[in-house]
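The next block holds one structure in the form of structure tokens; read it before the comments.
Any value given below was found using the heavy atoms of this structure, including those in side chains, with hydrogens, waters and symmetry copies removed.
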Amino acid sequence: MSAVSDRLPTFPWDKLEPYKKTAAAHSGGIVDLSVGTPVDPVPELIQKALVDAADSPGYPTVWGTPALRDAITGWVERRLGARDVTHRHVLPIVGSKELVAWLPTQLGLGPGDKVAFPRLAYPTYEVGARLARAEYEAYDDPTDLDPTGLKLLWLNSPSNPTGRVLSKDDLTRIVAWAREHGVLVVSDECYLELGWEADPVSVLHPDVNGGSYDGLVAVHSLSKRSNLAGYRAAFLAGDPAVLGPLLEIRKHGGMMTPAPTQAAVVAALGDDEHVRVQRERYAARRTVLREALLGAGFRIEHSEASLYLWATRDESCWTTLAHLADRGILVAPGDFYGPAGENFVRVALTATDERIQTAAERLKA
């Protein structure tokens with residue numbers, strides 16, 4: 001067991017504990033803006049679908065019910081502009097984090113193979129490469145990478161942590177480069193429905209991929225857009241030549257989305273109204289926090305999409321973290337996402353309206 005755990009970095013969130021204690025000691029209680037975990041209710045129609053499917057004594061299938069696959073293909077075409085999407089083009093997964101962590105292993109990558117991800121990135125991309133014993137490299141522009149041995153290229157737009165959105169032209173250029181060099185592109189698009197000052201585009205859009213899904217897979221999650229983080233509900237869409245073998249591997253591994261969750265996903269993907277309502281909640285919270293941070297002397301970079309504000313006072317992120325903790329506010333240090341984030345903090349929008357307003361008032365003090 002230690003041989004596996006020794007491949008991994010120290011779990012970063014453990015380093016936040018002393019700052020969390022400081023923030024929690026504030027007379028008005030902690031405002032926790034460190035982890036992007038939803039706090040708003042699961043929409044009633046989704047809860048009802050889950051309850052109605054509660055009597056599910058048999059094993060679910062890894063590929064999901066036909067109704068689930070229909071819901072995914074329909075959403076991918078309606079929301080992402082993809083064309084000619086069939087059941088072979090989609091695959092349910094048990095939340096997106098397990099996919100990110102285990103995809104290099106499931107693709108058969110190992111020593112001598114290389115995984116690449118953005119310079120500022122969700123740390124699990126690196127964890128996945130380490131678990132597979134593959135090499136890894138962070139990039140600013142993936143087309144500057146040496147493609148030798150590069151087997152998996154992660155894109156993340158909108159970005160976690162920065163909220164940066166890759167333009168359609170950038171995506172088109174990157175996809176063309178990856179295809180030229182035989183590199184699989186996996187695009188983490190979990191925040192795609194949360195664009196504020198930009199309209200995020202999927203790699204599945206025909207303007208990006210020329211109408212072909214060859215060498216492309218998109219990752220989508222219902223955690224943020226539908227408040228289903230507790231349901232572990234996500235899916236892949238893209239190249240059947242990639243998803244077909246993954247389906248077989250995941251069948252052997254028993255990676256099954258629970259049947260009630262499958263039913264809940266069908267309901268969630270069939271309803272756009274609850275997504276609109278949730279977007280409005282986040283937009284209002286973003287406005288309050290953004291104005292408060294700017295008023296307190298912070299500079300915000302990117303942040304044109306996603307559930308975070310990428311903010312700096314041009315000092316060590318840990319100095320900023322301590323400054324905010326003294327005011328009862330907990331945020332995430334930017335170096336969790338790579339050395340390039342050492343002077344930034346990530347501020348999540350995932351707190352109640354009352355807690356967001358409280359944070360804004362404390363920032364003014």
Side-chain angles (χ1 to χ4, degrees), residues 32-43 46 72 75-76 78-82 95-97 100 118 120-122 124 154-168 170-171 187-205 208 218-235 237 265 268-291 293 300-311 331-332 337 344-353 355-356 359:
D32 192 343
L33 307 178
S34 62
V35 182
T37 186
V39 298
D40 299 303
V42 173
I46 300 175
I72 296 172
W75 183 87
V76 166
R78 184 180 78 252
R79 180 63 184 84
L80 305 184
S96 58
K97 185 170 184 176
V100 173
L120 284 164
Y122 187 43
T124 312
W154 282 107
L155 303 182
N156 181 209
S157 175
S159 163
N160 175 14
T162 69
R164 180 188 177 198
V165 173
L166 293 174
S167 70
K168 186 182 291 185
D170 281 336
L171 288 171
S187 181
D188 182 345
E189 302 174 353
C190 290
Y191 296 92
L192 185 137
E193 296 210 86
L194 297 167
W196 312 117
E197 295 155 2
D199 187 13
V201 179
S202 172
V203 295
L204 302 182
H205 195 286
V208 171
V219 185
H220 283 271
S221 167
L222 284 81
S223 293
K224 308 303 194 289
R225 48 95 74 189
S226 297
N227 300 332
L228 297 189
Y231 284 43
R232 310 315 301 136
F235 60 88
V265 172
L269 292 179
D271 177 72
D272 295 331
E273 177 61 16
H274 78 276
V275 181
R276 184 193 65 77
V277 170
Q278 190 60 43
R279 273 181 53 86
E280 288 184 354
R281 290 190 185 115
Y282 285 136
R285 292 166 186 166
R286 180 179 183 271
T287 297
V288 171
L289 267 182
R290 187 175 188 278
E291 291 178 357
L293 287 165
I300 295 173
E301 292 192 0
H302 297 301
S303 306
E304 59 260 33
S306 83
L307 284 180
Y308 312 105
L309 293 169
W310 188 237
V331 297
Y337 308 94
F344 286 80
V345 293
R346 194 195 73 170
V347 185
L349 308 179
T350 49
T352 64
D353 294 344
R355 289 286 87 185
I356 294 289

(Q) Are Y191 and Y308 an aromatic pair, judged by ring center distance below 6.0 Å? (A) yes
Q.
Any side-chain to backbone donor/acceptor pair from S221 onto S223? Under 3.5 Å, distance only.
A. yes
Q | Flag, side chain of S303 to backbone of G163, donor-acceptor distance under 3.5 Å | A | no
Q | Where T124 and K97 come nearest, the two heavy atoms and their spacing | A | OG1-CE, 3.5 Å
Q. Got a donor-acceptor contact below 3.5 angstrom from the N156 side chain to the P158 backbone?
A. yes
Q. Counting N and O atoms only, with roles assigned by atom type, does the side chain of T350 sit under 3.5 Å from a partner on the main chain of V35, one being a donor and the other an acceptor?
A. yes
(Q) Can you tell me how far apart CZ (R285) and CG (L33) are? Round to the nearest 0.5 Å. (A) 11.0 Å
Q.
Using 0.5 Å steps for rounding, measure from the CG atom of L166 to the CD atom of E189.
A. 10.0 Å
Q.
What's the separation between atom CG in L309 and atom CG in L289, rounded to the nearest 0.5 Å?
A. 6.0 Å
Q. Is a donor on one side and an acceptor on the other found under 3.5 Å between the side chain of W75 and the backbone of G270?
A. no
Q: Would you name the heavy atoms of V203 and A218 that are closest together and state the gap between them?
A: CG2-CB, 4.3 Å
Q) Between R279 (side chain) and G195 (backbone), is there a donor-acceptor pair under 3.5 Å? A) yes
(Q) How close do V39 and A351 get, counting heavy atoms only, and between which atoms? (A) CG2-C, 3.6 Å
Q. Given S226, which of E193, Q278, H274 fulfils the side-chain hydrogen bond (donor to acceptor under 3.5 Å, both in side chains) condition?
A. H274
Q | Atom pair CZ/CD of R286 and E291 - distance to nearest 0.5 Å | A | 10.5 Å
Q | Closest contact, heavy atoms only, P200 versus L192 | A | CG-O, 3.6 Å
Q: Identify the heavy atoms of I356 and L349 that sit nearest to each other, and give their distance.
A: CD1-O, 4.1 Å
Q. When rounded to the nearest 0.5 angstrom, what is the spacing between OG1 in T37 and NZ in K224?
A. 7.5 Å
**Q.** Atom pair CZ/CG of R346 and N160 - distance to nearest 0.5 Å
**A.** 5.0 Å
